[in-house]
A.B. asks: 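There's a structure below that I have some questions on.
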Amino acid sequence: MPNILILGGGAAGLAAGLAAAQSAPRAQVVVLERNPRPGKKLLATGNGRCNLDNTGIAPERYLTADPAALLPLLDAVNAADPLGWFRALGLYTRTDEAGRIYPYSNQAADVLALLEHHLAQHHVQLRTGCTVRTLSQSRSGYAVQFETAEGSTETLRADAVICAMGGAAGPQFGTDGFGTRFAAQCGGRTEPLYPSLTALQCAKPNKTLAGIRAKAAASLLDGSRVLATETGEVQFTDYGLSGICIMQLSGLLAPGRSPKAPAVELDLFRHWTKQS
């Protein structure tokens with residue numbers, strides 16, 4: 001009976017654990033999560049609504065230095081049919097006007113509860129408070145050493161290991177860069193990380209606007225030249241700007257392609273002309 005070990009109990013790790021149990025019903029599947037509870041970042045995604053998918057996914061919508069590598073990745077996602085997989089689990093979804101797909105309840109907690117329910121039904125062991133220390137390989141398989149929630153050291157052996165520890169996008173959720181450092185320690189090739197799809201810090205934020213949300217057209221400028229424009233809800237914060245449209249623009253500020261004089265311009269009355 002094969003043992004399958006999943007390192008990380010976020011959205012990817014939980015889905016991997018369930019998919020492993022579904023495809024190999026006789027396997028012993030164990031998920032190790034560092035946080036006290038699984039799915040911490042999943043609960044926060046989509047402002048707590050859990051943005052599962054998008055109807056407008058296309059290669060031209062991605063900012064990447066390697067377009068050739070993007071196509072097989074998107075093809076693999078299409079072949080896996082994640083929405084079909086969720087439907088088979090019993091999840092109903094809804095699609096908003098921008099093509100974003102959410103659970104019908106608009107509650108990320110329902111997605112997590114659904115995954116936990118099916119993991120239990122498939123007898124997947126979910127262990128929390130476990131910090132992975134080392135991963136070694138031998139002819140007989142893999143050995144993973146980790147620290148338990150009680151502070152003791154334990155080793156599990158497995159025929160297959162899936163690393164789903166995340167990147168560095170949310171230290172407050174546990175994804176603080178440990179996953180990529182661990183991958184490098186295990187001999188994996190990693191690329192430098194940089195913020196993407198993120199809020200923007202402004203040089204002189206107007207803190208009196210913090211907490212206000214408004215529909216707007218947000219344009220990223222390089223001096224007087226408009227590089228891109230996105231529309232949607234803008235959230236004013238004490239450090240700058242947030243919201244989906246702002247996050248879409250942030251991808252253009254990646255190292256190597258960031259404009260020399262970046263600025264964001266907001267049109268809060270985009271349906272009005274100067275004559276109006």
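Keep in mind that what you see is a predicted model, and the values were worked out from it rather than measured.
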A.B. asks: Mind checking whether Leu42 and Leu115 have side chains closer than 4.5 Å, heavy atoms only?
C.D. replies: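 Yes, their side chains come closer than 4.5 Å.
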A.B. asks: For a quick test of reading the model, state the closest non-hydrogen atom pair linking Tyr62 to Ile57 and the distance between them.
C.D. replies: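 Tyr62 and Ile57 have their closest heavy atoms at OH-CG2, 3.8 Å.
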A.B. asks: Show the nearest heavy-atom pair for residues Ile246 and Leu241, with the distance to one decimal.
C.D. replies: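 Nearest pair, atom of Ile246 first, then Leu241: CG2-O, 3.7 Å.
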A.B. asks: Got a sec: does the OH of Tyr142 have more than 12 other heavy atoms crowding it under 6.0 Å?
C.D. replies: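 No - once you tally the heavy atoms of other residues, nucleotides and ligands closer than 6.0 Å, there are 12 at most.
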A.B. asks: Does some side-chain heavy atom of Arg94 sit less than 4.5 Å from a side-chain heavy atom of Tyr104?
C.D. replies: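 Yes, at least one pair of side-chain atoms sits under 4.5 Å.
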A.B. asks: Taking only Lys NZ, Arg NE, NH1 and NH2, and the carboxylate oxygens of Asp or Glu, determine whether Asp267 and Arg270 approach each other closer than 4.0 Å.
C.D. replies: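 So Asp267 does not pair with Arg270 through a salt bridge.
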A.B. asks: Would you call the rings of His122 and His118 parallel, tilted or perpendicular if under 30° counts as parallel and over 60° as perpendicular?
C.D. replies: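 Answer is tilted, since the angle falls between 30° and 60°.
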A.B. asks: Would you say that more than 12 heavy atoms from the other residues, nucleotides or ligands in this model lie under 6.0 Å from the CZ of Arg157, or not?
C.D. replies: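 No.
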A.B. asks: Heavy-atom count check: over 12 atoms from other residues, nucleotides or ligands less than 6.0 Å from Tyr239 OH?
C.D. replies: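 Atom OH in Tyr239 is packed in, count exceeds 12.
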A.B. asks: Are Glu233 and Lys215 within salt-bridge range, i.e. N to O under 4.0 Å?
C.D. replies: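 Salt bridge: no.
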A.B. asks: For Asn3 and Val30, run side chain to side chain contact (heavy atoms under 4.5 Å, CB included): C-alpha distance rounded to whole Å, both residues' side-chain angles, the deciding distance at 0.1 Å, then the answer.
C.D. replies: CA-CA 8 Å; Asn3 294 319; Val30 180; over 6 Å; no
A.B. asks: Starting at OG1 of Thr131, measure out to CD of Gln145 and round the result to the nearest 0.5 Å.
C.D. replies: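 Rounded to the nearest 0.5 Å, the OG1-CD separation comes to 12.0 Å.
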A.B. asks: Kindly give the heavy-atom pair with the smallest separation between Gly240 and Cys202, and that separation in Å.
C.D. replies: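 Answer, listing the atom of Gly240 first, then Cys202: CA-SG, 3.6 Å.
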A.B. asks: Under a 3.5 Å distance rule, please check whether Thr180 uses its side chain to pair with a backbone N or O of Gly177 as donor and acceptor.
C.D. replies: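 Such a contact is found between Thr180 side chain and Gly177 backbone.
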A.B. asks: Does Met247 reach the side chain of Ser242, with side-chain heavy atoms less than 4.5 Å apart?
C.D. replies: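 Yes, side chains in contact.
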A.B. asks: Any salt bridge between Arg127 and Glu154, counting N to O under 4.0 Å?
C.D. replies: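 Result for this pair is yes, salt bridge flagged.
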A.B. asks: Answer yes when Glu116 and Arg37 have at least one side-chain N-carboxylate O distance shorter than 4.0 Å, and no when they do not.
C.D. replies: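 Answer for the salt bridge query: yes.
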A.B. asks: Could you tell me which non-hydrogen atom of Asp222 sits nearest to which non-hydrogen atom of Pro259, and how far apart they are?
C.D. replies: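 Between these two residues, the closest heavy atoms are CG-CB, 3.3 Å.
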A.B. asks: Could you tell me the separation between the CG atom of Leu74 and the CZ atom of Arg61, rounded to the nearest 0.5 Å?
C.D. replies: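 The distance works out to 12.5 Å.
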A.B. asks: State whether Arg34 and Asp176 are salt-bridged, where the test is any N-O pair (Lys NZ or Arg NE/NH1/NH2 against Asp/Glu carboxylate O) under 4.0 Å.
C.D. replies: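 Result for this pair is yes, salt bridge flagged.
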A.B. asks: Which atoms form the tightest heavy-atom contact between Ala27 and Ile4, and what is the distance?
C.D. replies: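 Heavy atoms only, the tightest pair is CB-CD1, 3.9 Å.
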A.B. asks: Carefully, step by step, assess Val132 and Met165 under the rule side chain to side chain contact (heavy atoms under 4.5 Å, CB included).
C.D. replies: CA-CA 10 Å; Val132 176; Met165 297 178 175; 3.9 Å; yes
A.B. asks: Looking only at heavy atoms, which two atoms of Leu52 and Tyr102 are closest? And how far apart?
C.D. replies: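 Taking every non-hydrogen atom into account, CD1-C, 4.1 Å.
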A.B. asks: I need the Asp75 CG to Leu73 CG distance, nearest 0.5 Å.
C.D. replies: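 Output value for this atom pair is 9.0 Å.
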A.B. asks: For a 4.5 angstrom cut-off between non-hydrogen side-chain atoms, does Pro262 reach Leu221?
C.D. replies: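 Counting from C-beta outward, Pro262 and Leu221 never come under 4.5 Å.
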A.B. asks: Would the distance check show the side chain of Lys40 and the main-chain N or O of Gln172 forming a donor-acceptor pair, the cut-off being under 3.5 Å?
C.D. replies: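 Yes: the side chain of Lys40 pairs with the backbone of Gln172.
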